[in-house]
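In what follows, a single structure is set out as structure tokens and then discussed.
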Number of protein chains: 2
Amino acid sequence: MTLSDLETPAALVDVERMEGNLRRAAEYCRAHGLDWRPHAKTHKTPELAAEQVRLGAVGVTVATPREAEVMATAVDDILLAYPPFGASKLERLMRLPPHVRLTVGLDSAEALDALAEAARRAGRTAGVLVELDAGMGRVGLGSPEHAVELARRASETPGVEYRGIMFYPGHIRGPVAEQDDTLAALDARLAERIAALADAGLRPRVVSGGSTPTFWRSHEVAGITELRPGTNIFNDRTTAEIGACAWDECAYSVLATVVSTAVAGQAVVDAGSKALAKEELRATGGGYGALLEHPEVVVKSVSEEHGLLDLGATDWRPRVGDRVRIVPNHVCVSVNLQERLWGVRGELVEAEWEIVGRGRAPWVARAQAAAAG
Amino acid sequence: MTLSDLETPAALVDVERMEGNLRRAAEYCRAHGLDWRPHAKTHKTPELAAEQVRLGAVGVTVATPREAEVMATAVDDILLAYPPFGASKLERLMRLPPHVRLTVGLDSAEALDALAEAARRAGRTAGVLVELDAGMGRVGLGSPEHAVELARRASETPGVEYRGIMFYPGHIRGPVAEQDDTLAALDARLAERIAALADAGLRPRVVSGGSTPTFWRSHEVAGITELRPGTNIFNDRTTAEIGACAWDECAYSVLATVVSTAVAGQAVVDAGSKALAKEELRATGGGYGALLEHPEVVVKSVSEEHGLLDLGATDWRPRVGDRVRIVPNHVCVSVNLQERLWGVRGELVEAEWEIVGRGRAPWVARAQAAAAG
């Protein structure tokens, strides 16, 4: 099968580029003695999680019970970096295969106690990472005192095992070359909290952090033991824009067809917000994506099934029926809009991966239902 | 089953409000002698399309072959308001059940000729609406001359039947009370094109237009014969903001759980951009959604699985584990992120609808595969 056999829009993964991205990430972690625990939310695909583990990942990170269920078919060490609330979610977690080593990140006594109770009832032990706010102001405990308090509770509560701390430096999203001050502040903030925990006899064995924007500078933050980048398996327009990857390290694109050139100065493709998502570019450039082969051609606006290519900065003039490949601003949300990923090498389609980690419904039940016909 | 049995995030449809919305839309169309052809892209659910037809819709509008396949199980008159390019999409359309009356909207000779050839090969006739640009500048022919040219080609090409024209007034999105000038301009523009077509002996029997923002003022545009609103089956924060519905006519919400209150002044819920989408509000207010029961509480930011509720304008203080219902800015893209819709009446869950029109893969093939086990 070749690219021309695919209906558009279709999500393509350049297998060679993806392998390069994964090898570079693994090598960086090895060089700096860091555990690599990529976030599976980006690909939601067990075959790709297995490939990450093959190349050196210690396990994966997930955000939902569905992702945990799916990844448990390929990986035996899973961090759920999200507090599970409600009996149903806790039961799903406890039904993961017994060999899966499960750790959960959380920031409240309520989440901790509910997890511990579910684990005791299931006769399991769940690891716990206490989530700290690294400066983003989204979730996580702010003060060293609160961190010590929750870590102590975790260490004293049967059913759970205190394993350390986690944070997400989501406030550091600017150009890699301009992260000096924010990384230094993070380093100081983290050191203070690790010291407070150590003073209380709760030194964290795991200090889990990292993101794609800060990935290559993670070693500048003392104390980190593991990294959870999601995006950098594929990269995207934002990652390239901030200098965390080169344009030719973008492994994911959406294949689209030009469907109208009726309005002058633009071409309309069949990939809109239901294929690319409609997230603004944080950095310069605007629009919702750019052409892989003509990065100066920007998707200037999207509606649900239409993407408008701005032809103002190019001599390239497509015709209706022509095909293009678009790199979206944010790959994670674009992947989440697809049913499958097509692994391609040049024009050849060599793999088809169903994105089975999408959605919310229990995966085991669905697989069983399919087997039962 | 009640709301408390649902895992969050979950997409809820208030059945009573939905019925009210549909009845009002049907009544408006009846009162003004307009055909009602709601766009199924909003719900992507055949049970809801069937309900629209039961209440008076002449058929539905769709945007993709998948939506056409799914809706053909419930509706026998389908307008594909999108040009189908590529052999695969054309073949899928021609495999729709023979009793389905199919019409396609398009704006190029290339799309017309390919459709006609596929129809001839399949021994079918496809209706054609020539798409005009009503001022949005997205797709559609701009000049009366180009409209006449393509209409003539449609009327003379075997395999297709020229049925009229269509347009989408997507440039009119502001407050309903402030649409006077844009509607007058649209009225004049349309009159000129209808006259040019009539002069050429190509008077359009169908003049298909309408949208949710302009819905209640459609009768002010002379010549329109049918309306294609999508959103107003459910409504959303944008529709309410521009005055095209009341807040208590919002029938769709995302049920979410508060998962963190660690950072002061906000509460974090488990519905982020992968449940609400991340589309800016066009009108005032900002953010990505608002609470159904506390509309002053806005989702001030979202990441993939986190929504941050701004508590600055309310005395309401949620605790972790509490549940809320969020009305998103744009309902169509939020529905597209769900697997199913839960029909609710008060606290009671009385229906479960799988959103089978999502995605791109052929529906028939999938249904057959499931049947084969």
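Reminder, nothing fancy here: chain letters follow the sequence lines and each chain counts from 1.
Remark: A/S211 pairs with A/T214 by the side chain to side chain donor-acceptor pair (under 3.5 Å) rule, at least two apart or across chains. Partners of A/R319 by salt bridge (charged side-chain N to carboxylate O under 4.0 Å, His left out), not counting sequence neighbours, listed by chain and number: B/E110. Scanning for salt bridge (charged side-chain N to carboxylate O under 4.0 Å, His left out) contacts around B/R340 gives B/E352, with sequence neighbours left out.
For A/V139, the parts lying near chain B are the backbone and the side chain together; criterion is any non-hydrogen pair under 4.5 Å. Interface remark: A/S273 contributes side-chain atoms only to the contact with chain B (heavy atom separation under 4.5 Å). In this structure, chain A has no heavy atom under 4.5 Å from any part of B/P84. If you measure heavy-atom distances from B/S108 to chain A, the contacts under 4.5 Å come from the side chain alone. With a threshold of 4.5 angstrom between heavy atoms, B/L106 does not approach chain A through any atom at all. For chain A, the nearby parts of B/V259 are the backbone and the side chain; heavy atoms of each come within less than 4.5 Å. Looking at A/T64, the atoms closer than 4.5 Å to chain B (heavy atoms on both sides) all sit in the side chain, from C-beta outward. With a 4.5 angstrom heavy-atom cutoff, B/A111 does not touch chain A via any of its atoms. If you measure heavy-atom distances from A/D270 to chain B, the contacts under 4.5 Å come from both the backbone and the side chain. In this structure, chain B has heavy atoms under 4.5 Å from both the backbone and the side chain of A/E305. Residue A/R92 touches chain B through its side chain alone, counting heavy-atom pairs closer than 4.5 Å.
The existence of a salt bridge linking A/E7 and B/R360 is excluded, since no basic side-chain nitrogen approaches an acidic carboxylate oxygen closer than 4.0 Å.
Taking each heavy atom of B/V349 and B/L6 in turn, the nearest pair found is CG2-CD1, 4.1 Å.
Rounding to the nearest 0.5 angstrom, the gap separating the CZ atom in A/R95 from the CG atom in A/L90 is 11.0 Å. Atom NZ in B/K41 sits 9.0 Å away from atom CD in B/E67 (nearest 0.5 Å). Distance check, rounded to the nearest 0.5 Å: CG of A/L115 to CZ of A/F85 gives 10.5 Å. Distance check: B/Q338 CD to B/E354 CD gives 13.0 Å after rounding to the nearest 0.5 Å.
Checked by atom type and distance alone, the side chain of A/R66 pairs as donor or acceptor with a backbone atom of A/A361 at under 3.5 Å.
Chain B forms the most heavy-atom pairs under 4.5 Å with one residue out of A/P9, A/G86, A/S301, and that residue is A/P9. With respect to chain A, the highest number of heavy-atom pairs below 4.5 Å among B/A63, B/G137, B/P83, B/A114 belongs to B/G137. Looking only at heavy-atom pairs under 4.5 Å with chain B, the residue among A/E131, A/R323, A/K44 that has the most is A/K44.
For residues 141-150 of chain A, a heavy-atom distance under 4.5 Å to chain B picks out A/L141, given by residue number.
Side chain to side chain, A/D107 and B/S260 meet the donor-acceptor criterion of an N or O pair below 3.5 Å.
Of the residues A/E279, A/K274, A/K278, the one that meets the side chain to side chain contact (heavy atoms under 4.5 Å, CB included) test with A/V302 is A/K278.
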Chi angles and distances behind the side-chain hydrogen bond (donor to acceptor under 3.5 Å, both in side chains) call for A/S303, B/R138: CA-CA 9 Å; A/S303 37; B/R138 182 176 70 175; 2.6 Å; yes
